[in-house]
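Please read these numbers as outputs of a predicted model, since none were measured by experiment. All chains are named by letter (A, B, ...) in the order of the sequence lines, taking the proteins before the strands, and each is independently numbered beginning at 1.
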Amino acid sequence: SSSASSEGTPEKIRLDYAYYSPTSLVLKKFGWAEEEFEEEGIEIEWALSQGSNKALEFLNSDSVDFGSTAGAAALMSKANGAPIKNVYIYSKPEWTALVAGKDSDISNLADLKGKKVAATLGTDPYIFLLRAFEAEGVPPKDVEIVNLQHGDGASALTSGQVDAWAGLDPHMARLELESDAELFYRNPDFNTYGFLNVREEFAEKHPDYVNRVINVYEKARKWVQDNPEEAAKLLAEEAEIKEEVAVKQLERNDFSEPVPGEVQREALVEAGKVLQESETIDPEANIEELTDELIDPSFAEETISE
Amino acid sequence: MSLQLERVGRTFAGKPAVQDVSFRAEPGEIIGLLGTSGCGKSTLLRAISGLDNAYDGVIEINGKKVNGIQKTTGFMFQEPRLLPWLNVLDNVTFGLEGNREEKQKKAGRYLESVGLAGNEILYPKQLSGGMAQRVAIARALATSPEILLLDEPFSALDAFTKMQLQDLLLEVWRSYRSTMVLVTHDVDEAAYLCDRIIVLRGQPGTVEREIAITESRPRERGSSELAAYKAEILASLDLTTETA
Amino acid sequence: MSLQLERVGRTFAGKPAVQDVSFRAEPGEIIGLLGTSGCGKSTLLRAISGLDNAYDGVIEINGKKVNGIQKTTGFMFQEPRLLPWLNVLDNVTFGLEGNREEKQKKAGRYLESVGLAGNEILYPKQLSGGMAQRVAIARALATSPEILLLDEPFSALDAFTKMQLQDLLLEVWRSYRSTMVLVTHDVDEAAYLCDRIIVLRGQPGTVEREIAITESRPRERGSSELAAYKAEILASLDLTTETA
Amino acid sequence: MAKNQSEVSGIFTAGSKSKPSAAKPKNPFTHPLLLGSIFPLLLVVVWEVLSRLEVFPAYQLPAPSVILGTIAGMAEDGTLWGHVFITSYRVLMGFLLGTAAAVVLGSLVGFYKHAEALFDPLIQAFRSIPSLAWVPLFILWMGIGEPSKIAMIAVGVFFPVYLNIVSGIGGVDRKLIEVGKMYGLNMFQLVRRIILPASLPSFLVGLRSGLGLGWMFVVAAELMGASQGLGYLLVVGQNTLAPETIIASIVLFAVIGKLSDWILKKLETRTLHWQDRAAKS
Amino acid sequence: MAKNQSEVSGIFTAGSKSKPSAAKPKNPFTHPLLLGSIFPLLLVVVWEVLSRLEVFPAYQLPAPSVILGTIAGMAEDGTLWGHVFITSYRVLMGFLLGTAAAVVLGSLVGFYKHAEALFDPLIQAFRSIPSLAWVPLFILWMGIGEPSKIAMIAVGVFFPVYLNIVSGIGGVDRKLIEVGKMYGLNMFQLVRRIILPASLPSFLVGLRSGLGLGWMFVVAAELMGASQGLGYLLVVGQNTLAPETIIASIVLFAVIGKLSDWILKKLETRTLHWQDRAAKS
Ligand SMILES: Nc1ncnc2c1ncn2[C@@H]1O[C@H](COP(=O)(O)OP(=O)(O)OP(=O)(O)O)[C@@H](O)[C@H]1O
Ligand SMILES: Nc1ncnc2c1ncn2[C@@H]1O[C@H](COP(=O)(O)OP(=O)(O)OP(=O)(O)O)[C@@H](O)[C@H]1O
Ligand SMILES: [Mg+2]
Ligand SMILES: [Mg+2]
């Protein structure tokens, strides 16, 4: 069932919100989307995404029109034929890094040889880990990667069952604050950005409305930029996390560049290669082409330059 | 209703339990079925009732070959088979039709006849063996079936209760003229109640003798006529040739 | 073993089922327990067996007050109570001890005595009513208990099988001198088997009479002495004053 | 030991002499409620103590007092009731739906040879598919609204109820069924008046099992775009590394699950009073 | 209709005249195996056709042929057997462990009033906690090795088995228990020789329910640091947004789950042949 009644005006617009996309929280909180479309009688429906994979499931099953994901997740889904495109960057997050315990003697990647590292297969931290290995010239097979969900990886690290963890915010921020865990390897560029994706069908039928959604997202983004403290408070409240954690998480988000472009393309191509090596993406697939198909900056360019 | 068995037999897993039984019951006749334990009496009743269709031979009711259960047939099983989740009263009303009150009144009447007035709300687990059997009798009689099959209906009762219930049975018979087939081990009972007695013998059971009791009703218990019949039945049951 | 009941009674949910029963059985005595249906015979046996502890009064075995089940007591229940997952042979060996072969031999002997040789591998659901009862008899006798409680053991058997099994019981008694308490509705049977007969009556049941049968064994069925006893028992059972 | 259970033990003790077994006075220390609280209390106390001693650090396993505080906080700001209510509602609806489906299919399969051959293999195969595996399929088929959540819970409820119904029907004594047949009951009446009451014990266990599984399936159900509910709370707790939220949701699951089971158990004792059970020692 | 089930229907038909019900020839079209395949086949065919017609796009629900290809691919490169083997092993061990615990606790609770008051409330409360909720706790207590995975599966198996045992024991006919008591059986013998066989139908349903739940708990178990197994496959499929991997793992769950259930079902018909059941029509 599509939300489009006819060409032109959609009956309703279905957005997702997610605790990893502070902008979406702000947008939902202030009701700017509702405001924007109220006059035309267009309803706004919100669905909570508990993770990139859920957001993509929602998109693929036509349950939402816009979904927030990590860039790599969108790429993987695209590789499987999902009819989505990325039209907007909600943030450049440094949401993942390599974390070691408080008194750990691990201080760089080379120290990981022969040790256990927790990561969630196929997610950004996992990609981050592999790219870090590549960058530092550490062969991945020298390290035992233990597949754990993000939260479980965090607790495995604190209870000493793994030596390091490819962490994800807000888990990571909380761990830093509460158990003095250390981020021993960071690189914001190895993260794959926060992608706002739209279903292709929606974009084709209602290009104007894509622009207008980007518009309200812009409003939210600017508010976050202008009010970092209140944004942190809001995030803490919505996601039910501590305020300090929220502050830390937000500090690591760069909201300055909303238009997808060459940097994202590069990051995705690199991520795609890593994923192909680990056979998460079909080795035959043409990553560059897929990336080009996925990222469509035209809407954002049009809207934001206005 | 008339009932006719023609060369009826039943085999369980290759072993014949009863063979070649033929007899005819005229409408309103009471047939006694006697025989040693395990000779196939209950098996025959099951075949007549329609619960068991895997017999050989032909069973006809009112001249029509039957297959399956007839609504007009009542069966009092060898065990009481009360429904454990129903109390005494509800067990008796189980087979009745009509509105609740009527059913309960009728059931109450029969419960009184079998000497169980005042025990309506007991559950089967609270009954003595004989009481359970009497509830089963009340349940079977209450529906006034046109053909009534009774499998050792009074086996768990003391001598006096038994006599009362035998008379109750005859009373019901007088009102409804049901055709009855009665399995019993009590020769006195058979002589007192039945118009004709089929004696089965052997394993597999076959008909040993058919004894007609022409004595008119009401009969007198312990009369010399009945005693003579009793002797005849006992003689035909005698085990001198067989041990099982 | 001797058995003594002193003012034993049992109340179910405020309603007395049996009251004030006292009697004594000397070692090796066979006591008959007679009475109308529902007067508390089975209830008394359950109390003696130790399965029911909630009775009033005192029960003593060999002069010692008992509480709970005695290994030396055997109980044949009013229903066969065969274990449905065991075949006939295994049901009989159920209570026996010793090695497998011995147990099976012993069980086989008793099965033959009750006329069920050749039916060892049948399951309870394949048995006729009387066959099931005979399996239960074999099971109860096979353990040769010192006190044997029998609740209408032959109620589902034809006259001749019944006589055979009565004699089997006496045979067992001759070998082991078990003390027995036998509930029965068959007055002939009581007169033939028992040393003393306790007649219960009423609801709640109370002891109506105690009749000692001094006739020595082996007794002759149908003898005039037994006939006299029978008349006496019947008279004491007579229901002229009560209807339930 | 073998005190017959059909009597009220208080009644006949009045007139009886001091029989130890007959006149057993209620020992206040063995009252079921009291006994039943021993383990939970012990658990909570040990856990609290260990937490205070920092054997479990708070970011791993917060103390019971903290959990209680979390729950109390949710109760105060009102969110608690929303979570509890919406989840209970979903479980209830799913339970009804799943039970209804199980009764219909279970009766068919329990009764008709052909129905068994037709349906049972597929059902048995589906029975071992984990709840999480259903999530994407349900989203696909039914979207992320309330219906898909309720349907998901119904799936969980269905299997144990179905299994117990089929086996319960199979286990009904032929003798009792024959009684029904002799009184001319048709298939439907036979089910209602004989089969159902006779297989009630099995059916009730199925219901209790099914309800338990219904609670378990809530998490999967509320992964489908829920923004409220205990399952949501749990997943959010896991996604935001908030052990106190996780444990609070576990405690709520346990408490509400127990309550709902208690209702079914009451129903069980009510409707099965006719069973001739041996008294427990 | 009411053909007695204790006989072999083929045997006595030889001598009998042509009775429709007695001499019913086996209709080849109603053979159970054939009937049982109708729905699965239909499902697969419809699904394949709809996929080919692109009613289900591949990114949502790949065609059965694609799934088969995925599985065949895994079989070829050998990874399939690893997944299947390790998961089956875990389920088997968890099944044994959970069943053992359920038998011990279930017997205690089924038997002793005090044990019931002591343990049952807590167990009933734990019964509704979802598998995912246990994950962090198990990691905390038992780490991420094999033991915690097996223990997790055992938890799933435990509850239905326990519930069915307790209810089964409660439902054993007092009359039969009394027989055992009269023959001087002690508590242990009573359980082994009377209670267990008498409550076997219920116990077996519990086992089958439990096994099903064991398979369901595999996902939670394999969230704990597994690098192989069907649950791992499922979760990786969900994390990497690969529908063919997800569906392939579902199919494998269904097939292997069905196989394992089939073994228990065989056991059931074997051990319950003594039941006096009505024949199905
Ligand atoms: N569990 C019970 N709960 C309530 N009442 C019971 C229970 N068991 C027996 N009774 C009552 O006790 C009385 C005596 O029962 P009992 O079984 O001893 O009779 P009985 O003399 O053996 O009769 P029968 O010859 O019919 O077997 C009956 O009125 C019966 O209703
Ligand atoms: N379901 C069955 N399967 C196999 N054999 C059976 C079955 N039912 C009955 N039989 C056998 O058929 C024979 C006759 O049984 P039936 O119950 O008709 O005897 P009966 O004459 O009623 O005996 P009783 O007087 O002891 O009740 C017995 O040998 C019995 O073993
Ligand atoms: Mg019979
Ligand atoms: Mg009795």
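In this structure, CZ on E/Arg174 lies 9.0 Å from CG on C/Leu51, to the nearest 0.5 angstrom. Atoms NZ and CG, on E/Lys175 and C/Leu83 in that order, are 13.5 Å from each other to the nearest 0.5 Å.
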Between E/Gln275 and C/Lys125, is the side chain to side chain contact (heavy atoms under 4.5 Å, CB included) condition met? List the steps. CA-CA 8 Å; E/Gln275 274 193 330; C/Lys125 67 175 173 180; 6.0 Å; no

Would you sort out whether C/Tyr123 and E/His273 count as a side chain to side chain contact (heavy atoms under 4.5 Å, CB included), showing the intermediate values? CA-CA 10 Å; C/Tyr123 279 85; E/His273 64 97; 3.2 Å; yes

List the steps, then state whether side chain to side chain contact (heavy atoms under 4.5 Å, CB included) holds for C/Phe77 with E/Glu178. CA-CA 10 Å; C/Phe77 298 93; E/Glu178 286 184 359; 3.9 Å; yes

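For C/Leu82, the part lying near chain E is the backbone, with the side chain staying farther off; criterion is any non-hydrogen pair under 4.5 Å. Heavy atoms of C/Phe94 lying under 4.5 Å from chain E belong to its backbone as well as its side chain. Contacts between C/Thr73 and chain E at a heavy-atom distance below 4.5 Å involve backbone atoms as well as side-chain atoms. Only the side chain of E/Leu185 has a heavy atom closer than 4.5 Å to any heavy atom of chain C. Heavy-atom distances place no part of C/Glu97 under 4.5 Å from chain E, backbone and side chain included.
For C/Glu60, the CD atom is densely surrounded, since the number of other residues' heavy atoms within 6.0 Å is greater than 12.
Of all non-hydrogen atoms in C/Pro84 and E/Trp274, the two that sit nearest each other are O-CB, 3.1 Å. Closest heavy-atom contact between C/Gly74 and E/Met182: C-CE, 4.5 Å.
Not a single donor-acceptor pair under 3.5 Å links the side chain of E/Lys181 to the backbone N or O of C/Ile69. Remark: the backbone N or O of E/Leu176 is not paired with any side-chain donor or acceptor of C/Arg81 at under 3.5 angstrom.
Using a 4.5 Å heavy-atom cutoff, the side chains of E/Tyr183 and C/Arg139 are in contact.
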